[in-house]
Amino acid sequence: MRNKLLLLISFIGLASCTEDRDIPVISAPTNPDYQVVHYWNFNDTSALDTPTQTAGGAAFTYAGAYFDDVDPGTDLNARNNDVAGTGLRLRNPSGDFVVSLPTTGFKDVVFTFATMRTSNGPQNQSVSYTLDGTNFINTGLSNSEIGVSEQFVLQQFDFSAIDGADNNANFKIKISFRTNADLATGNTRFDNITLDGIPTAGGGNSGGGTSKFELFHYWNFNDATTTTTLIAPNTGSGSLAYSGAYYDSTTESTDMNARNGDVAGTTLRLRNPSGDFIMNLPTTGHKNINVTYATMRTGSGSATQTVSYTTNGTDYVTTGITSVYNIDVAFSLIALDFSAVPAANNNPNFKVKVSFDAASGTATSGNNRIDNLTVEGDTL
């Protein structure tokens with residue numbers, strides 16, 4: 001049994017109208033290092049697709065007929081003593097149910113949910129995942145094909161052995177449906193969907209030491225009163241500079257990676273012709289540095305962002321990090337892990353530079369956008 005994850009499995013008899021059956025009940029991870037990363041309890045029927053709790057970027061789409069709420073739900077896998085309330089109902093004809101679950105800042109993630117069907121609902125679910133946000137696979141999943149009962153049962157998928165699922169802004173899980181999926185009536189139901197994980201930089205209760213994984217620089221870009229207030233940090237003493245045409249704000253924003261319950265207010269817009277975007281991020285008193293931000297582009301905006309960093313305040317390098325990122329016309333997260341760069345620790349001269357493609361450097365329209373920029377690390 002893995003020492004990082006303890007799954008308690010017990011059996012209870014549940015009576016149905018026609019038979020008694022033993023249903024395995026799977027608990028949440030009980031290792032104290034685990035934290036809830038994303039969670040839906042579906043009890044707010046006015047906003048079923050809004051996560052109850054998220055570390056940022058959680059969302060889902062359903063390609064079937066439509067979804068709505070169902071009463072009752074279940075308290076299986078409910079967190080924070082939440083009541084059963086209502087659940088999510090995916091109506092036939094069914095389509096793919098894709099759940100976006102960024103694991104930025106977390107590892108060894110575990111996906112858990114309660115599910116059932118009606119008599120005409122799809123009898124089987126196929127589970128796959130993507131590490132690049134596009135291509136779905138089931139490699140490493142021992143239980144990617146599951147049968148669905150006419151009463152709520154918990155299902156759980158352990159990604160702790162899949163390294164690519166760690167600290168991955170593009171991580172998603174897809175559930176596809178088979179047998180009865182094309183009927184005009186019937187539905188599948190979900191409740192209490194969770195993703196649990198261990199903070200990658202030694203947060204939670206792990207380690208047995210006194211260090212703490214904390215947010216020490218943060219910009220939400222929601223104060224668009226002036227260009228000065230727009231780039232003033234909400235937390236910390238960092239600063240930002242842009243050498244392109246100019247920067248301003250736009251209301252096309254996101255809550256991906258937002259902290260403190262911050263809303264999707266405004267976002268930072270870096271106008272073409274582009275230039276370098278430099279983040280001055282002193283890491284004094286911190287180690288195992290993680291820099292995360294949400295970003296997108298317009299049609300004429302730079303299609304790539306190239307990231308480099310400096311530890312002496314002048315010379316930029318890419319050693320030890322992924323440096324080139326393709327940028328979409330919808331918001332996605334970029335997560336930069338500097339834990340393998342010791343010189344980034346406890347460094348008052350640490351900076352990160354984002355450069356854009358050559359075409360955007362001469363374009364007279366178009367822009368890239370940055371939102372909810374965070375810097376986190378262990379305290380020394």
Side-chain angles (χ1 to χ4, degrees), residues 104 169 216-224 226-250 252-254 256-258 265-283 289-318 321-338 341 344 347 349-376:
T104 308
F216 61 96
H217 296 302
Y218 172 45
W219 289 261
N220 66 18
F221 304 109
N222 284 352
D223 187 350
T226 66
T227 55
T228 300
T229 59
L230 179 64
I231 63 168
N234 303 92
T235 300
S237 58
S239 61
L240 308 174
Y242 179 55
S243 63
Y246 66 97
Y247 66 87
D248 60 3
S249 65
T250 175
E252 187 177 359
S253 59
T254 181
M256 286 184 180
N257 202 43
T266 55
T267 192
L268 177 66
R269 177 166 51 188
L270 306 178
R271 299 277 197 166
N272 285 342
S274 67
D276 292 335
F277 177 55
I278 295 179
M279 314 172 204
N280 179 29
L281 307 171
T283 62
I289 308 304
N290 287 263
V291 178
T292 308
Y293 60 92
T295 190
M296 64 167 286
R297 65 178 176 90
T298 59
S300 298
S302 177
T304 61
Q305 292 181 13
T306 301
V307 178
S308 57
Y309 65 92
T310 178
T311 56
N312 63 13
T314 304
D315 303 305
Y316 287 85
V317 297
T318 60
I321 64 168
T322 300
S323 61
V324 180
Y325 295 86
N326 295 321
I327 308 304
D328 201 352
V329 292
F331 274 109
S332 61
L333 283 178
I334 289 180
L336 307 170
D337 184 356
F338 293 93
V341 182
N347 189 332
N349 299 311
F350 183 69
K351 300 177 184 178
V352 174
K353 179 170 69 175
V354 178
S355 302
F356 304 95
D357 65 31
S360 68
T362 58
T364 56
S365 63
N367 58 81
N368 273 224
R369 301 172 184 185
I370 307 287
D371 209 354
N372 301 321
L373 168 60
T374 60
V375 186
E376 297 167 290

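Numbering of residues begins at 1 and proceeds along the displayed sequence.
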Using modelled atom types and a 3.5 Å cut-off, is there a donor and acceptor pairing between side-chain atoms of [X] and backbone atoms of [Y]?
X	Y	answer
Asn220	Asn222	yes
Thr266	Phe221	yes
Thr235	Tyr218	no
His217	Asn280	no
Asp337	Asn290	no

Taking all non-hydrogen atoms of both residues, which atom of [X] and which atom of [Y] are closest, and how far apart?
X	Y	answer
Gly275	Tyr242	O-CE1, 3.2 Å
Ala224	Ser249	CB-OG, 3.4 Å
Val354	Val307	CG2-CG2, 4.4 Å
Tyr325	Ala335	OH-O, 3.9 Å
Ile334	Ile327	CD1-CD1, 3.9 Å
Asp357	Thr304	CB-OG1, 3.6 Å

Using the side-chain contact (heavy atoms from CB on, under 4.5 Å) rule, take Asp223 and Leu230 through it: C-alpha gap first, then chi angles, then the decisive distance, then the call. CA-CA 5 Å; Asp223 187 350; Leu230 179 64; over 6 Å; no
I would like to know whether Leu281 and Lys351 meet side-chain contact (heavy atoms from CB on, under 4.5 Å); could you show each step before the answer? CA-CA 5 Å; Leu281 307 171; Lys351 300 177 184 178; over 6 Å; no
[X] versus [Y]: any side-chain heavy-atom pair under 4.5 Å?
X	Y	answer
Ile370	Leu270	yes
Tyr247	Leu240	no
Ile278	Tyr316	yes
Thr311	Asn349	no
Leu373	Val291	yes

From the list Gln305, Arg297, Arg269, side-chain hydrogen bond (donor to acceptor under 3.5 Å, both in side chains) with Asn368 holds only for Gln305
Centres of the Phe277 and Phe356 rings: under 6.0 Å? no
Does the ring center of Tyr309 lie less than 6.0 Å from the ring center of Phe338? yes
Is a side-chain donor-acceptor pair under 3.5 Å present for Asn257 with Thr374? yes
Check whether the side chains of Ser360 and Ser274 place a donor and an acceptor atom closer than 3.5 Å, and report yes or no. yes
Of Val317, Thr318, Leu336, which meets side-chain contact (heavy atoms from CB on, under 4.5 Å) against Ser323? Thr318
The test is side-chain contact (heavy atoms from CB on, under 4.5 Å); show your working for Leu333 and Thr292 and say whether it passes. CA-CA 7 Å; Leu333 283 178; Thr292 308; 4.2 Å; yes
Walk me through whether Thr254 and Asp371 qualify under side chain to side chain donor-acceptor pair (under 3.5 Å). CA-CA 7 Å; Thr254 181; Asp371 209 354; 5.8 Å; no
Derivation and outcome, side-chain contact (heavy atoms from CB on, under 4.5 Å), residues Ile231 and Leu268: CA-CA 8 Å; Ile231 63 168; Leu268 177 66; 3.9 Å; yes
